[in-house]
Every structure is written in structure tokens, then in C-alpha cells.
Amino acid sequence: MTAVTDRRTEPPIVRWALTAVALGFLVCFLFVPLAAVFVQAFAEGVRNYWLALVEPTALAALRLTAAAALVAVPLNTLFGLAAAWALARFEFPGRGLLITLIDLPFAISPVVSGLVFVLMFGAQGLLGPWLTAHGIRIVFAVPGILLATMFVTVPFVARELIPVMQEQGSEEEQAALALGASGWQMFRRVTLPNIRWALLYGVVLLNARAIGEFGAVSIVSGHIRGQTNTAPLHVEILYNEYNFAAAFAVASVLALAALATLAAKTIVGRRITQ
Amino acid sequence: MPRGPRRHVLPGFGLSLGFTISYLCLLVLIPLSGVVLRASSITWAGFLASVTSARALAAFELSLGAAGVAAIVNAVFGLLVAWVLVRYRFPGRGLIDACVDLPFALPTSVAGIALTAVYSPAGWLGRQLAPLGIQVAFTRLGVVVALTFIGLPFVVRAVQPVLEDLDAEVEDAAASLGANRWQTFRRVLLPSIAPALLTGFTLAFARALGEYGSVVFISGNLPFRTEVITLLIVARLEQFDYVGATAVASMMLGASFLVLLTINLLQAWSRRRGALA
């Protein structure tokens with residue numbers, strides 16, 4: 001029997017070596033770059049760190065990033081709830097295709113996602129002449145940034161909710177209806193409490209991507225400081241101006257948001273599996 | 001009517017499906033069709049000239065090659081990381097497990113400047129590699145490093161749940177039949193995790209192919225040398241070459257659809273594997 005148990009796991013030296021290689025890989029690719037963000041941010045002292053953050057264009061960039069998240073998160077959460085209800089609770093022709101289409105923004109390069117809106121609403125775009133004639137600016141203005149952010153974050157909530165709702169089934173909801181609940185009461189008292197952790201999980205991921213999107217937003221932004229610059233774009237501008245400490249200072253705020261996301265994701269993820 | 005009652009009891013089908021389809025059309029499908037429409041208005045000769053120019057071919061080659069190498073690195077090390085996290089117990093395991101998703105949570109511009117700082121010749125790791133004659137930042141190797149970072153979570157997260165669900169009895173059986181650990185891994189474990197491993201590989205490859213933010217800083221963006229395909233699209237847009245940008249973008253869009261199809265097939269395969277097991 002001992003011979004069999006011995007053959008079921010690796011010798012300690014192999015276990016130790018495999019762990020060391022795996023951790024070494026993560027150190028080189030994850031932990032050292034993450035540490036570098038914070039060390040470089042304070043390279044010119046705490047005072048300069050603080051000045052880089054409260055500088056007006058940095059504050060404007062952080063505000064625009066918050067605004068983009070405030071628009072994209074509620075709208076795509078609403079979309080995710082509607083899509084999950086339709087797709088997890090009903091069978092209809094084209095259901096599989098619709099699930100694939102919801103995932104589409106994940107498969108598309110951020111650069112192409114941004115280009116999509118330039119080709120639609122830009123001066124050379126399909127609707128460009130009409131928009132120019134009516135004095136409406138979408139691309140290289142705030143609406144374009146909001147649209148690009150919404151585009152890349154469409155799938156997050158729906159793809160977390162659909163498998164969870166499918167697994168739960170609809171018995172409790174049907175029971176609520178049979179007991180005389182209205183559709184809205186059933187949704188609020190039965191569906192929402194059942195999916196709350198999966199919903200929160202999706203919202204956490206959606207929020208992180210809305211805050212951090214760079215490629216798509218970069219294409220539609222036009223990089224006008226103080227107006228169409230989001231925080232990830234502000235990092236790029238400062239870096240390209242060789243203002244490294246300031247670039248890493250703004251980057252450190254975004255890195256802290258990322259770490260908060262990972263913490264929230266881990267805590268909420270545990271609640272889902274419980 | 002087996003599905004009949006269920007379908008009619010639950011309310012809100014029309015409202016939720018109507019909202020879902022309208023939202024998706026307005027935000028995703030109509031804008032995307034604009035690219036297709038724009039691409040189809042380009043003449044065949046113009047399209048071909050745009051995507052087969054020497055600069056475009058060099059960019060395609062670098063993007064495909066670097067994304068491929070990065071995805072292979074991630075397949076090997078991602079499997080190893082998943083194995084260590086699932087099978088072994090060591091201090092800080094939970095924290096490290098949570099940090100694997102960092103590339104998903106960190107804005108790509110932040111990742112890009114951090115990797116450049118670390119791997120430039122004066123950086124913490126670049127300094128160690130320089131005496132060995134290895135330069136990472138501003139070379140093709142730098143592109144691979146950035147693409148490896150960005151694809152890191154995909155293989156780990158695809159393989160991890162499958163490793164956790166593996167039936168210990170199968171391994172017991174292999175061991176009692178006299179297989180050594182390596183044979184058990186190759187003949188018993190690897191076939192069961194193959195679909196998940198391939199799914200993770202495909203996702204990492206697709207993400208790397210379309211990646212922009214983390215690459216733009218570390219690559220140095222030299223045309224013909226370190227310019228990836230997404231950088232070429234941006235460069236063409238900045239020169240107002242909308243035709244050239246659209247031509248390349250439409251090819252990338254085609255690649256995206258191909259990836260979605262591959263993932264769907266792989267998932268069907270792993271479901272069959274799961275059903276047989």
C-alpha cells in the first residue's frame with residue numbers, strides 16, 4: 001500500500017523544484033513588475049508623488065476615468081441581467097449564436113474596437129458628414145470614450161450570470177409566481193438574492209476593465225489633456241514625456257485599484273463557491 | 001409539451017430578449033458592420049496592397065510569431081503554476097493564487113511601463129540579463145515578454161478547475177498498475193486536461209495577437225523590426241491612412257471570428273470528455 005501512495009505523489013525534491021520554478025516564473029512576470037510600479041512612483045520622493053496626483057490634468061484624467069466607469073458599469077450590468085434572464089431561462093432558436101455574439105467584444109483587439117467607432121463617427125466615417133453638419137462630436141471627444149469603454153465591457157456580467165442561473169434552474173421563481181408574486185416581485189425577492197454574488201463578481205470585473213481600458217479608448221480619445229484623457233492614457237503621455245516618476249505615480253493609483261479588484265474578486269468568488 | 005409550461009410561466013421573455021438584442025445591435029453589431037462595409041468598399045487590389053506591403057507582412061509575422069511563442073510559454077508555465085497551486089500546500093498559496101489574475105485587472109499601459117522599467121538594460125531584471133548578452137526591452141524578445149504577461153492567467157484559469165475535479169481513483173489505478181509518476185501524468189492526467197490546456201492556449205494566443213497597450217512601451221515600435229500588427233493599425237490611423245488601417249483591421253476581425261469558433265469547438269470537445277469520464 002505504501003508503494004502505491006508513494007507513486008501517487010511526487011518525491012519531495014521534485015515537488016520543491018516544481019514549486020520553485022512556478023514561483024520563479026510568477027516573480028519575474030508578475031511580482032517584480034508590480035513592485036516596480038510602487039518603487040518608481042516614489043523615486044523622486046513623497047512630495048513629488050503627491051504633486052503628480054493633484055496636478056490638474058491628472059485629476060481631470062482620474063475624473064474622466066471615474067465618469068467612464070459610472071456610465072459603463074450600470075448600463076452593462078442592466079444589459080447583463082436582461083441577457084442572462086433571456087438566455088438562461090428560455091429556449092429559443094438562435095440562442096447559441098446570441099451567446100457567442102455577447103462574447104464577441106472579448107475576442108476583438110482593443111485597437112479594432114476603437115477603430116470601429118472612428119470608422120462610424122469620425123470625420124471620415126460613415127456618419128461623419130452628418131455629425132459634422134449638426135455640430136456633434138463623438139470621436140476625439142467624451143462620447144467616443146464612453147462608447148469604446150461600453151463596447152469592450154459588454155460581456156462581463158452576462159457571462160458570469162448565465163452559467164450560474166442555468167445551474168440554479170427556475171423552480172424557486174415558478175414557486176414564487178404560483179404563490180401570486182408579480183414578475184417584478186419574483187425578480188427582486190427570488191432571482192436577485194440567488195444571483196447576488198455572481199452579479200457582484202461580474203460587476204467587479206466589469207468595473208476593473210472600464211477603469212483600465214487603454215487600447216480602444218486611446219484610438220477614440222485624441223489625447224486632449226484635461227478633456228479627453230483618461231488615467232491610463234495620462235500614464236502614457238507622462239511616460240512619453242520622460243516624466244517617469246509622475247507616470248508611475250498615476251500608474252500606482254491604477255495598480256492599487258487593480259489590487260482592490262483582485263481582493264474583491266477573491267472574497268466574492270469564495271461566497272459563490274460556498 | 002415538455003418545455004411548454006416552463007416557457008409560459010416565467011415572465012419577461014419579450015422584454016429581456018428585446019432589450020438584449022437592441023442593446024447588442026446598437027453598441028456592437030451596427031458599429032462592427034461599419035468596418036465590414038468600409039472594408040468591402042476597398043478595391044481588391046488596394047486591399048491586397050495594404051495587407052501585403054513589406055511593412056504589413058513584417059508586422060503580421062512578428063505578431064503571429066511572438067503571440068505563438070508567448071502562448072507556448074504560457075501553456076508550459078501556466079500548467080505548472082496550476083499544478084503547483086492545486087496539488088501542493090505552501091505558505092502564501094492563497095495570495096499567489098489571487099495574484100495570477102493581475103494581468104486581467106491591471107490597465108495595460110501600467111503593465112507596459114512597469115515591464116519596460118524592469119526589463120530595460122538599467123532595470124532590475126534587465127541589468128542581470130545584460131551581461132549575458134540578452135536585451136529584452138526594445139527588441140522582439142520584449143514583445144514576447146509583454147505578450148506572456150498579458151496571457152498568463154488564461155492557461156492557469158482554464159486548467160485549474162479541471163485539475164481540481166480530477167478523480168483520484170484514476171491516478172490510484174494507474175499507480176497500482178505499476179505506472180510511475182511521469183507515466184501517470186503523460187498517459188492519464190495529460191489527456192484529461194488537454195482540452196482545457198488547448199482552450200487556455202487559444203485564449204492566450206488570441207489575446208496576445210490583439211494586444212496593444214502593454215506592447216507599445218517595451219517594443220520600441222521600429223517598423224520591420226519590433227512593430228506588431230496593432231501598432232501598424234495605429235500608425236496608419238495617425239497618418240490618416242483609413243483604407244490601410246481598415247484592411248488590416250478587417251483581417252484581425254476575421255481572426256477574432258476564427259478564434260471564437262475554435263473556442264466553441266474546444267468547449268464542445270471538453271464537454272464530451274467530461275461526459276465520458
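Not measured: the values here are computed from a predicted model. Below, chain A is the first sequence line, B the second, and so on; all start at residue 1.
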Q: Before you tell me yes or no, could you show the steps for B:Trp83 and A:Glu10 under side-chain contact (heavy atoms from CB on, under 4.5 Å), namely the whole-Å CA-CA distance, both residues' side-chain angles and the distance that decides it to 0.1 Å?
A: CA-CA 12 Å; B:Trp83 178 270; A:Glu10 294 77 43; 3.5 Å; yes

Q: Could you measure the distance from the CG atom of B:Leu209 to the OG atom of A:Ser109? Nearest 0.5 Å is fine.
A: 8.0 Å

Q: Determine the minimum heavy-atom distance between A:Leu254 and B:Pro107, stating which atoms define it.
A: CB-CG, 3.8 Å

Q: Go through A:Ala208, A:Gly122, A:Ala158, A:Ala251 and name the one with the most non-hydrogen pairs under 4.5 angstrom from chain B.
A: A:Ala251

Q: Looking at A:Thr261, A:Asp103, A:Leu30, A:Val21, which one has more heavy-atom pairs under 4.5 Å with chain B than the rest?
A: A:Leu30

Q: Among A:Val112, A:Ile108, A:Val111, which residue satisfies the side chain to side chain contact (heavy atoms under 4.5 Å, CB included) criterion with B:Met252?
A: A:Val112

Q: Name the region of A:Val118, side chain, backbone, both or neither, that has any atom closer than 4.5 Å to a heavy atom of chain B.
A: side chain

Q: Of the backbone (N, CA, C, O) and the side chain (C-beta and beyond), which part of B:Asp97 lies under 4.5 Å from a heavy atom of chain A, both, or neither?
A: neither

Q: Side chain, backbone, both or neither: which part of A:Val39 has a heavy atom under 4.5 Å from chain B?
A: side chain

Q: Work out which heavy atom in A:Pro33 is nearest to a heavy atom in B:Val118; give both atom names and the distance.
A: CA-CG2, 3.7 Å

Q: If we define contacts as heavy-atom pairs under 4.5 Å, which of A:Ile211, A:Val37, A:Leu75 has the most with chain B?
A: A:Leu75

Q: Describe, in one word, how the ring planes of A:Phe90 and B:Phe13 are oriented to each other, choosing from parallel (under 30°), tilted (30 to 60°) and perpendicular (over 60°).
A: tilted

Q: Of the listed residues (B:Ala206, B:Gly94, B:Cys99, B:Ser250), which shares the most heavy-atom pairs with chain A below a 4.5 Å separation?
A: B:Cys99

Q: Check each atom of B:Leu260 against the heavy atoms of chain A and say whether the ones under 4.5 Å are side chain, backbone, both or neither.
A: side chain

Q: Roughly how far apart are A:Ile237 CD1 and B:Ser109 OG, rounded to 0.5 Å?
A: 11.0 Å

Q: Quick one: closest heavy-atom pair of A:Ala22 and B:Val84, and the distance?
A: CB-CG2, 3.9 Å

Q: With rounding to the nearest 0.5 angstrom, report the CG to CG distance, A:Leu26 to B:Leu152.
A: 6.0 Å

Q: Checking heavy atoms, do the side chain of A:Phe151, its backbone, both or neither come under 4.5 Å from chain B?
A: both

Q: How close do B:Arg38 and A:Gly125 get, counting heavy atoms only, and between which atoms?
A: NH1-CA, 3.9 Å

Q: Begin from the C-alpha positions of A:Leu104 and B:Leu32 and carry the test side-chain contact (heavy atoms from CB on, under 4.5 Å) through to its verdict.
A: CA-CA 10 Å; A:Leu104 194 58; B:Leu32 266 181; 3.4 Å; yes

Q: Is A:Leu119 close to chain B through its backbone or its side chain, or both, or neither, when contacts mean heavy atoms under 4.5 Å?
A: both

Q: Relative to chain A, which segment of B:Phe149 carries a heavy atom at a distance below 4.5 Å: side chain, backbone, both, or neither?
A: both

Q: If you count heavy-atom pairs under 4.5 Å between each of B:Val73, B:Val248, B:Leu95, B:Leu24 and chain A, which one has the most?
A: B:Leu24

Q: Can you tell me which portion of B:Leu231 sits under 4.5 Å from chain A's heavy atoms? Options are side chain, backbone, both or neither.
A: neither

Q: Check whether A:Ile219 gets within reach of chain B through its side chain, its backbone, both or neither, counting any heavy atom under 4.5 Å.
A: side chain

Q: Which region of B:Phe104, side chain (C-beta onward) or backbone (N, CA, C, O), has a non-hydrogen atom less than 4.5 Å from a non-hydrogen atom of chain A, or is it both or neither?
A: neither

Q: Quick check on A:Pro232 against chain B: is it the side chain, the backbone, both or neither that has a heavy atom closer than 4.5 Å?
A: both

Q: Can you say whether A:Arg209 sits under 4.5 Å from chain B via the side chain, the backbone, both, or neither, judging by heavy atoms?
A: neither

Q: Heavy-atom pairs under 4.5 Å with chain B are the metric here; pick the option from A:Leu233, A:Val204, A:Leu78 that has the most.
A: A:Leu78

Q: Considering only heavy atoms, which portion of A:Leu127 lies under 4.5 Å from any heavy atom of chain B: side chain, backbone, both, or neither?
A: neither

Q: With a cut-off of 6.0 Å (strictly less than), are more than 12 heavy atoms of other residues, nucleotides or ligands near CZ of A:Arg95?
A: yes

Q: Non-hydrogen atoms of chain B under 4.5 Å away: do they reach the side chain of A:Ala35, the backbone, both or neither?
A: both

Q: Which region of A:Phe121, side chain (C-beta onward) or backbone (N, CA, C, O), has a non-hydrogen atom less than 4.5 Å from a non-hydrogen atom of chain B, or is it both or neither?
A: neither

Q: Heavy-atom distance under 4.5 Å to chain A: side chain of B:Leu237, backbone, both or neither?
A: side chain

Q: Under a 4.5 Å heavy-atom cut-off, does chain B meet the side chain of A:Thr100, its backbone, both or neither?
A: both

Q: Would you say the side-chain atoms of B:Ser256 pair up with the backbone N or O of A:Ala107, donor to acceptor, closer than 3.5 Å?
A: yes

Q: Heavy-atom distance under 4.5 Å to chain A: side chain of B:Leu253, backbone, both or neither?
A: side chain

Q: Closest heavy-atom contact between A:Leu98 and B:Thr20?
A: CD2-CG2, 4.4 Å

Q: Given heavy-atom pairs under 4.5 angstrom as the criterion, report whether the side chain, backbone, both or neither of B:Val259 touches chain A.
A: neither

Q: Would you call the rings of A:Phe79 and B:Phe19 parallel, tilted or perpendicular if under 30° counts as parallel and over 60° as perpendicular?
A: tilted

Q: At a 4.5 Å cut-off on heavy atoms, which part of B:Leu27 comes close to chain A: side chain, backbone, both, or neither?
A: both

Q: Roughly how far, to the nearest 0.5 Å, is the CD atom of A:Glu236 from the CD1 atom of B:Ile113?
A: 10.0 Å

Q: Heavy-atom cut-off 4.5 Å, strictly under: side chain, backbone, both or neither for A:Ser218 against chain B?
A: side chain

Q: Please report the shortest heavy-atom distance between A:Phe214 and B:Thr108, naming the atom on each side.
A: CB-OG1, 3.3 Å

Q: For A:Leu87, is it the side chain, the backbone, both, or neither that has a heavy atom closer than 4.5 Å to a heavy atom of chain B?
A: neither

Q: Pick from B:Thr148, B:Leu37, B:Val234: which one has the most heavy-atom pairs with chain A under 4.5 Å?
A: B:Thr148

Q: Is B:Ala98 in contact with chain A via its backbone, its side chain, both, or neither, using a 4.5 Å heavy-atom distance?
A: both

Q: Considering only heavy atoms, which portion of B:Trp182 lies under 4.5 Å from any heavy atom of chain A: side chain, backbone, both, or neither?
A: neither

Q: Calculate, to the nearest 0.5 Å, the distance between atoms CD and CZ belonging to A:Gln124 and B:Phe240 respectively.
A: 8.0 Å

Q: With a 4.5 angstrom heavy-atom cut-off, could you sort out which part of B:Leu29 is near chain A: side chain, backbone, both or neither?
A: side chain

Q: Is it the backbone or the side chain of B:Tyr119 that comes under 4.5 Å from a heavy atom of chain A, or both, or neither?
A: side chain

Q: I need the A:Leu23 CG to B:Ile96 CD1 distance, nearest 0.5 Å.
A: 5.0 Å

Q: Begin from the C-alpha positions of B:Leu10 and A:Met186 and carry the test side-chain contact (heavy atoms from CB on, under 4.5 Å) through to its verdict.
A: CA-CA 10 Å; B:Leu10 291 176; A:Met186 170 215 67; 4.3 Å; yes

Q: Sort A:Thr19 into side chain, backbone, both or neither according to what part of it lies under 4.5 angstrom from a heavy atom of chain B.
A: both

Q: Going through the distances and angles, do A:Trp85 and B:Leu17 end up as a side-chain contact (heavy atoms from CB on, under 4.5 Å)?
A: CA-CA 8 Å; A:Trp85 182 254; B:Leu17 187 67; over 6 Å; no

